[in-house]
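Notes follow the structure.
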There are 2 protein chains.
Amino acid sequence: MSNNWGEIRDEIKRRVLDRELLPGAKLPSDQELAEEFGCARTTVQRAMQDLALSGTVNRRRKGGTRITLHPITRTTFDIPITRLEIETAGKEYGYYLVSREILVTPPYVASSFGLSKPMEMLHVVALHLADKKPYIFEDRWIAHATTPEVLDVDLSRESANEWLIRNRPYSDCEVRFLAKNATPHEAELLAADTDDALFVMERTTWINSAPITMVRAIAAPGYQLVTKAS
Amino acid sequence: MSNNWGEIRDEIKRRVLDRELLPGAKLPSDQELAEEFGCARTTVQRAMQDLALSGTVNRRRKGGTRITLHPITRTTFDIPITRLEIETAGKEYGYYLVSREILVTPPYVASSFGLSKPMEMLHVVALHLADKKPYIFEDRWIAHATTPEVLDVDLSRESANEWLIRNRPYSDCEVRFLAKNATPHEAELLAADTDDALFVMERTTWINSAPITMVRAIAAPGYQLVTKAS
DNA sequence: TAGTGGTCTAGACCACTCA
DNA sequence: GAGTGGTCTAGACCACTAG
């Protein structure tokens with residue numbers, strides 16, 4: 001007799017792990033499970049909501065609940081502010097503004113925003129340091145047409161990322177992870193060798209389809225993104 | 001007067017995007033919001049559950065609900081079966097078993113599993129092809145002590161990944177993303193050049209702390225992982 | 001210790017979709 | 001058309017924690 005939704009979820013998970021329920025198997029209806037567990041249907045619904053969210057089961061009206069046929073690994077990454085990531089690791093944070101200028105967007109930036117024409121944006125290049133060593137190199141474009149106040153910010157003291165997070169929420173965000181060889185310039189800034197494999201995180205954000213910023217964050221050699229999945 | 005939870009969620013989100021609610025701002029209690037929106041408290045609770053899950057707000061008993069002070073980008077990746085990923089992209093899937101042998105785990109594998117001592121595992125190397133071109137190179141260790149049936153599977157016809165997914169659910173999974181330079185061997189298999197930057201996805205899975213498998217999937221040059229975030 | 005969020009119940013109606 | 005999941009209500013009690 002389980003009367004909390006977490007126990008019901010765990011019991012269903014156990015049946016999957018113990019192979020009592022195989023991929024594709026159909027579960028009883030919520031109503032029947034409620035009777036089995038001796039609880040209200042709402043409670044079963046809450047457990048099933050969680051299992052559906054984690055990808056364990058698929059639910060369809062009239063079709064019922066089934067164990068996912070082709071399970072996928074669903075991973076969630078929280079990408080923090082770089083300063084907090086470094087400080088949380090117990091290291092000393094450092095920040096260095098490399099350049100700041102208004103330029104016309106090159107094609108790859110415009111296309112990332114989905115713009116049909118190039119436009120002027122604020123281009124900011126900066127370096128984040130952990131214990132005085134290069135950690136992440138940041139190449140950022142900011143649409144000052146959308147956020148004009150950013151032109152008055154002293155970006156040599158505070159990273160554009162932190163200012164934007166406090167002052168410019170976004171409605172949409174696209175994230176890309178990839179690998180690239182270090183250019184001589186990147187190698188120099190990151191204390192790496194030319195052609196070293198570097199891990200790159202790109203993010204583009206919009207507010208109601210108006211561009212806000214696009215950033216390419218290039219990590220120093222050895223960087224890993226780690227997470228636990230369900 | 002909103003009486004469905006999605007509308008309430010969207011209205012709160014709108015207030016955040018329009019900067020009517022700033023990071024750190026305290027929201028009225030669920031009870032008060034229920035009166036404002038003219039609905040039951042349960043409905044507000046459902047909306048808030050969603051906002052908390054997406055990282056928009058923080059909720060604490062007695063402390064109330066606040067707009068997240070340091071918003072983070074929370075991204076969710078679904079890592080599918082490679083065959084389905086290729087077929088979904090409308091390409092022809094190919095699979096080639098490179099090697100299969102029982103070996104003692106090298107230190108990096110044992111430590112990834114959290115094992116104190118090395119143990120014998122099945123080591124499988126395979127290549128996934130998209131339209132006859134190398135797509136992902138897979139280097140996998142399978143704990144046949146946990147899953148002895150895998151020794152009888154013909155891994156030249158079916159990838160170990162697909163067999164495991166159908167036959168060996170996991171309770172825990174750790175995922176790592178990183179970049180590495182191609183070794184001569186990897187370069188040859190992936191039709192790349194030695195030292196090309198390659199994107200690597202590593203996954204280690206357990207069932208109730210017993211090791212199942214660890215895989216290092218190395219993608220051909222140009223591979224990107226893309227997702228939309230909230 | 002009092003306020004706030006988390007959960008459960010019992011019942012109702014609706015929305016989707018399978019047969 | 002009927003079965004099943006999704007949502008809403010009104011009320012209750014519990015669990016956590018800020019002041």
Side-chain angles (χ1 to χ4, degrees), chain A residues 1-16 21-71 74 76 230, chain B residues 1-16 21-71 74 76 230:
Chain A
M1 166 89 120
S2 307
N3 60 350
N4 76 54
W5 68 265
E7 282 178 29
I8 295 173
R9 175 200 56 196
D10 292 344
E11 170 60 15
I12 301 295
K13 270 193 178 168
R14 187 198 63 72
R15 292 180 191 179
V16 173
L21 289 170
L22 298 176
K26 182 171 182 177
L27 273 69
S29 71
D30 288 7
Q31 182 56 50
E32 290 168 315
L33 285 173
E35 286 160 20
E36 172 184 340
F37 288 113
C39 66
R41 182 167 81 88
T42 325
T43 307
V44 172
Q45 156 76 23
R46 182 67 183 82
M48 289 303 172
Q49 178 194 332
D50 196 69
L51 289 167
L53 210 63
S54 72
T56 306
V57 302
N58 290 323
R59 282 161 74 73
R60 313 187 65 171
R61 287 156 151 129
K62 169 77 180 183
T65 304
R66 288 175 181 279
I67 305 298
T68 300
L69 194 53
H70 296 295
R74 181 164 295 169
T76 301
S230 58
Chain B
M1 167 92 120
S2 306
N3 60 350
N4 75 56
W5 69 265
E7 281 179 29
I8 295 174
R9 175 200 56 197
D10 292 343
E11 170 59 15
I12 301 294
K13 271 192 177 169
R14 186 197 64 73
R15 292 180 191 178
V16 173
L21 289 170
L22 298 176
K26 182 171 182 177
L27 274 68
S29 71
D30 288 7
Q31 181 56 51
E32 290 168 314
L33 285 173
E35 285 160 20
E36 172 185 340
F37 288 112
C39 65
R41 183 167 80 88
T42 325
T43 307
V44 173
Q45 155 76 24
R46 182 67 183 82
M48 289 302 172
Q49 177 195 332
D50 196 69
L51 288 166
L53 210 63
S54 72
T56 307
V57 302
N58 290 321
R59 282 160 74 76
R60 312 189 67 171
R61 286 154 150 134
K62 170 78 178 180
T65 305
R66 288 176 181 279
I67 305 297
T68 301
L69 195 52
H70 295 295
R74 180 164 297 168
T76 301
S230 59

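A, B, ... follow the sequence lines: proteins, then strands. Residue 1 opens every chain.
- Atom pair E7(A):CD and dT7(C):P shows a separation of 13 Å (rounding to whole Å applied).
- Under the rule for a salt bridge (Lys or Arg N to Asp or Glu O under 4.0 Å), R66(A) has no partner lying at least two apart in sequence or in another chain.
- Contact detail for I8(B) and F37(B): the closest heavy-atom pair is CG2-CE1, 3.8 Å.
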Which protein N or O atoms sit under 3.5 Å from an N or O of nucleotides 14-16 of chain D?
{"from": "dA15(D)", "atom 1": "N3", "to": "R61(B)", "atom 2": "NE", "distance (Å)": "3.2"}

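- Which of dT9(C), dC18(C), dG5(C) sits closest to the side chain of T43(A) comes down to dT9(C).
- In terms of heavy atoms, G64(A) sits closest to K26(A) at CA-CE, 4.4 Å.
- With sequence neighbours left out, P23(A) forms a side-chain contact (heavy atoms from CB on, under 4.5 Å) with L69(A).
- Heavy-atom distances under 4.0 Å link DNA chain D to S29(A), D30(A) of residues 24-31 of chain A, given in residue order.
- Pairs engaging residues 42-59 of chain B under the salt bridge (Lys or Arg N to Asp or Glu O under 4.0 Å) rule: R9(B)-D50(B), D30(B)-R59(B) [sequence neighbours left out].
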Using the side-chain contact (heavy atoms from CB on, under 4.5 Å) rule, take T65(A) and L33(A) through it: C-alpha gap first, then chi angles, then the decisive distance, then the call.
CA-CA 11 Å; T65(A) 304; L33(A) 285 173; over 6 Å; no
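- Here T42(B) does not reach the OP1 or OP2 of dT7(C): none of its side-chain N or O atoms lies under 4.0 Å away.
- In this structure, F37(A) places its CZ atom 13 Å from P of dC8(C), rounding to the nearest Å.
- For the pair R60(A) and M48(B), both in contact range of DNA chain C, the more 5′-proximal nearest nucleotide belongs to M48(B).
- The two residues V57(B) and M48(B) have their closest heavy-atom pair at CG2-O, 4.3 Å.
- Annotation: side-chain hydrogen bond (donor to acceptor under 3.5 Å, both in side chains) contacts of T76(B) (sequence neighbours excluded): none.
- R60(B) meets the side-chain hydrogen bond (donor to acceptor under 3.5 Å, both in side chains) test with no other residue; sequence neighbours excluded.
- In this structure, R66(B) atom CZ and dT17(D) atom P are separated by 15 Å, rounded to whole Å.
- Against DNA chain C, the stretch residues 49-59 of chain A makes no heavy-atom approach under 4.0 Å.
- Contacts of T42(B) classified as side-chain contact (heavy atoms from CB on, under 4.5 Å), with partners at least two apart in sequence or in another chain: A40(B).
- Between Q45(A) and the phosphate of dG6(D), there is a side-chain N or O to OP1/OP2 separation shorter than 4.0 Å.
- Distance CZ (R46(A)) to P (dG5(D)): 17 Å, rounded to an integer number of Å.
- For W5(B) and dG6(C), the CH2 to P distance is 15 Å, given to the nearest whole Å.
- The main-chain N or O of T56(A) is found under 3.5 Å from a side-chain atom of T68(A) such that the two form a donor-acceptor pair.
- I12(A) has its CD1 atom 12 Å from the P atom of dG5(D), to the nearest Å.
- Going from atom CG of N4(B) over to atom P of dC16(C) covers 12 Å, rounded to whole Å.
- You'll find a donor-acceptor pair under 3.5 Å spanning the side chain of R41(A) and the base of dG6(D), going by distance alone.
- In DNA chain D, runs of at least 3 consecutive Watson-Crick or G-U pairs, each pair with both distances below 3.5 Å, span C:1-18 with D:1-18.
- With sequence neighbours left out, Q49(A) forms a side-chain hydrogen bond (donor to acceptor under 3.5 Å, both in side chains) with no residue at all.
- Listed for the E7(B) side chain is no donor-acceptor partner under 3.5 Å among the backbone atoms of N4(B).
- For R14(A), the side-chain hydrogen bond (donor to acceptor under 3.5 Å, both in side chains) criterion is met by E11(A), D18(A), E20(A), not counting sequence neighbours.
- Look at CG on L33(A): it is 13 Å from P on dG6(D), rounded to the nearest Å.
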